**Q** 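This is the structure I want to talk about, given as structure tokens.
What you see is a predicted model, and the numbers here were worked out from it, not measured in a lab.
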Amino acid sequence: MEHSTHDHAQHGHGHGHADDGQADVLDLDAEVLADHLASVVARLPLRPGPAEIVDLGAGTGTGTLALLDHFPDAHVTAVDASAAHLQRLVGKADRAGVGDRVRTVEADLDAAWPDLGPADLVWASASLHHVADPDLVLRRLRGVLAPGGLLAVVELAGMPRFLPDDAPAGRLEARLHAAVDRRMAEHMPHRGADWGVKLADAGYTLEDRHTLAIDEQRPGDDAVRRYATLVVRGMRDAFADDLPAEDLAALDELLDDPGPEGLARRDDLVVRTERTLWAARP
Ligand SMILES: C[S@@+](CC[C@H](N)C(=O)[O-])C[C@H]1O[C@@H](n2cnc3c(N)ncnc32)[C@H](O)[C@@H]1O
């Protein structure tokens, strides 16, 4: 998912050389937002269910596993530049007993285009803003889709936020996100793009556009605590140069696990994020 931490990790270190920390962030995102993801999959305008699915920029398998779960007759081709992510994805699929319905393709979508399709559904979640030329990828995907096939693009507004707006820590988190947004605007021009416009320009007809606004209190949820800690630590480390010393000191208190302000123990954590789905056919 787009994700400032993911974004930075991926763009800082190049495609396909993601570290385990990034994979852990993706896995925790899947765990914390599982029900919301399932609701996005469930609203895809697909009757009957798809037989062949391509998960483009599949990462550690968040979408792949949700799709296999919702469409029990489907096979998924999971495409990603990161061999480590795909390896994790296969392990998860095997443990879930659906490994025989998954094929992986390790490919950098900015390089030679892999042999994909025909697919009844192409799912691209938080991956298109990473590629160098998403407009070209959208046009190429027209050739991957089977007649009547659906392209589902899911993108996020940014990394989730975890602290209450009205607390000093929430205002600190907002300044951290603002610093990240400023820097990402320079490095990742397609982050936050209007994918409806891009899809129309690439010759697709939009069938659904839906924004899921998530704003939940999750006190005592350990996955949320771990997710918040990883995200805030990743952003703090990656963007330390952009932050004043007093904010860095306050962030370190949040990241001090046993400390009274520590994200690892707080009971006031929330999950605030937005995911938008665009579903379109050529
Ligand atoms: C933010 S993650 C999203 C993963 C997954 N779709 C999800 O929803 O959790 C973006 C993924 O795109 C992959 N990616 C980025 N640039 C890529 C490229 N040029 N070719 C192939 N995969 C790429 C990354 O390796 C990463 O797994």
Side-chain angles (χ1 to χ4, degrees), residues 1-33 57 59-60 62 80-85 88 108-110 125-132 134 155-163 165 168-193 223-257 259 261-264 266 269-275:
M1 323 204 126
E2 175 225 17
H3 304 120
S4 309
T5 308
H6 307 168
D7 290 347
H8 192 76
Q10 277 155 7
H11 287 260
H13 306 302
H15 301 311
H17 302 287
D19 55 17
D20 281 355
Q22 185 198 346
D24 290 343
V25 169
L26 292 174
D27 283 356
L28 278 166
D29 187 84
E31 186 178 342
V32 164
L33 297 168
T60 61
T62 302
D80 205 282
S82 163
H85 284 179
R88 236 192 229 219
D108 179 349
L109 297 167
D110 293 336
S125 174
S127 53
L128 283 182
H129 70 273
H130 285 283
V131 300
E155 288 282 335
L156 353 174
M159 285 300 278
R161 303 191 182 202
F162 300 100
L163 288 151
D165 262 339
R171 291 192 285 277
L172 170 66
E173 188 185 40
R175 289 195 296 281
L176 176 60
H177 279 260
V180 172
D181 289 346
R182 277 194 301 275
R183 188 106 75 89
M184 298 312 295
E186 292 164 24
H187 294 301
M188 200 177 282
H190 305 293
R191 182 181 188 251
V224 173
R225 289 173 173 149
R226 281 183 282 129
Y227 190 22
T229 304
L230 269 191
V231 167
V232 173
R233 181 173 295 134
M235 290 167 78
R236 180 243 178 264
D237 291 351
F239 299 96
D241 291 351
D242 298 1
L243 296 164
E246 59 271 26
D247 280 356
L248 283 177
L251 284 168
D252 288 339
E253 283 182 26
L254 284 179
L255 293 167
D256 176 17
D257 284 2
E261 294 291 316
L263 290 166
R266 293 176 79 110
L269 295 191
V270 300
V271 177
R272 273 201 316 282
T273 186
E274 247 184 45
R275 314 260 144 135

**Q** Using the salt bridge (charged side-chain N to carboxylate O under 4.0 Å, His left out) criterion, which residues pair with Asp165? Sequence neighbours excluded.
**A** Arg272
**Q** Going by the rule salt bridge (charged side-chain N to carboxylate O under 4.0 Å, His left out), which residues pair with Asp256 if we only count those two or more places apart in sequence or in a different chain?
**A**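 Salt bridge (charged side-chain N to carboxylate O under 4.0 Å, His left out) list for Asp256, sorted by chain: empty.
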**Q** Strictly distance-based, threshold 3.5 Å: is any side-chain N or O of Glu253 a donor or acceptor partner for the main-chain N or O of Gly262?
**A**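 Here the side-chain-to-backbone pair does not exist.
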**Q** Identify the two heavy atoms, one from Ala250 and one from Leu172, that lie closest to each other, and give their separation to 0.1 Å.
**A** CB-CD2, 3.6 Å
**Q** Looking at Leu230 and Gly21, what are the two nearest heavy atoms and their distance?
**A** CD1-O, 4.3 Å
**Q** Identify the two heavy atoms, one from Ala126 and one from Leu156, that lie closest to each other, and give their separation to 0.1 Å.
**A** CB-CD2, 4.4 Å
**Q** Hey, what do you get for CG (Leu176) to CZ (Arg161), rounding to the nearest 0.5 Å?
**A** 8.5 Å
**Q** Given 3.5 Å as the limit, does a donor-acceptor pair link the side chain of Glu173 with the main chain of Leu163, or not?
**A**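 Present.
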**Q** Less than 4.5 Å apart, any side-chain heavy atom of Asp242 and any of Arg183?
**A** yes
**Q** Sequence neighbours left out, what passes side-chain hydrogen bond (donor to acceptor under 3.5 Å, both in side chains) with Glu261? Give chain and number order.
**A** Arg266
**Q** For Glu155, which of His190, Arg275, His129 qualifies under side chain to side chain donor-acceptor pair (under 3.5 Å)?
**A** His129
**Q** How many angstroms lie between atom CG of Leu33 and atom OH of Tyr227, to the nearest 0.5 angstrom?
**A** 6.0 Å
**Q** So which heavy atom on Thr273 is nearest to which on Gly158, and how close?
**A** OG1-O, 4.1 Å
**Q** Using atom types as modelled and distance alone, determine if a side-chain donor or acceptor of Asp110 lies under 3.5 Å from a backbone N or O of Ala132.
**A**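 It does hold such a pair.
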**Q** Assess whether a salt bridge exists between Arg88 and Asp24, defined as any Lys/Arg side-chain N lying under 4.0 Å from an Asp/Glu carboxylate O.
**A**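 Yes.
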**Q** For a 4.5 angstrom cut-off between non-hydrogen side-chain atoms, does Arg233 reach Leu255?
**A**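 Of all side-chain heavy-atom pairs linking Leu255 with Arg233, at least one is under 4.5 Å.
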**Q** Of all heavy-atom pairs between Ser127 and Gly57, which one has the smallest distance, and what is that distance?
**A** CB-CA, 3.7 Å
**Q** Return the NE2 to CE distance between His130 and Met188, rounded to the nearest 0.5 Å.
**A** 5.0 Å
**Q** Rounded to the nearest 0.5 Å, what separation is found between the CG atom of Leu263 and the CZ atom of Arg225?
**A** 10.0 Å
**Q** Roughly how far, to the nearest 0.5 Å, is CG of Asp247 from CZ of Arg171?
**A** 12.0 Å
**Q** Provide the closest heavy-atom pair for Asp80 versus Gly59 in the form atom of the first, atom of the second, distance.
**A**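 Nearest pair, atom of Asp80 first, then Gly59: OD2-N, 2.8 Å.
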**Q** Between Leu254 and Thr229, is there a side-chain heavy-atom distance shorter than 4.5 Å?
**A**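 No, too far: nothing below the 4.5 Å cut-off.
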**Q** Is there a side-chain contact between Phe239 and Met184 (heavy atoms, below 4.5 Å)?
**A** yes
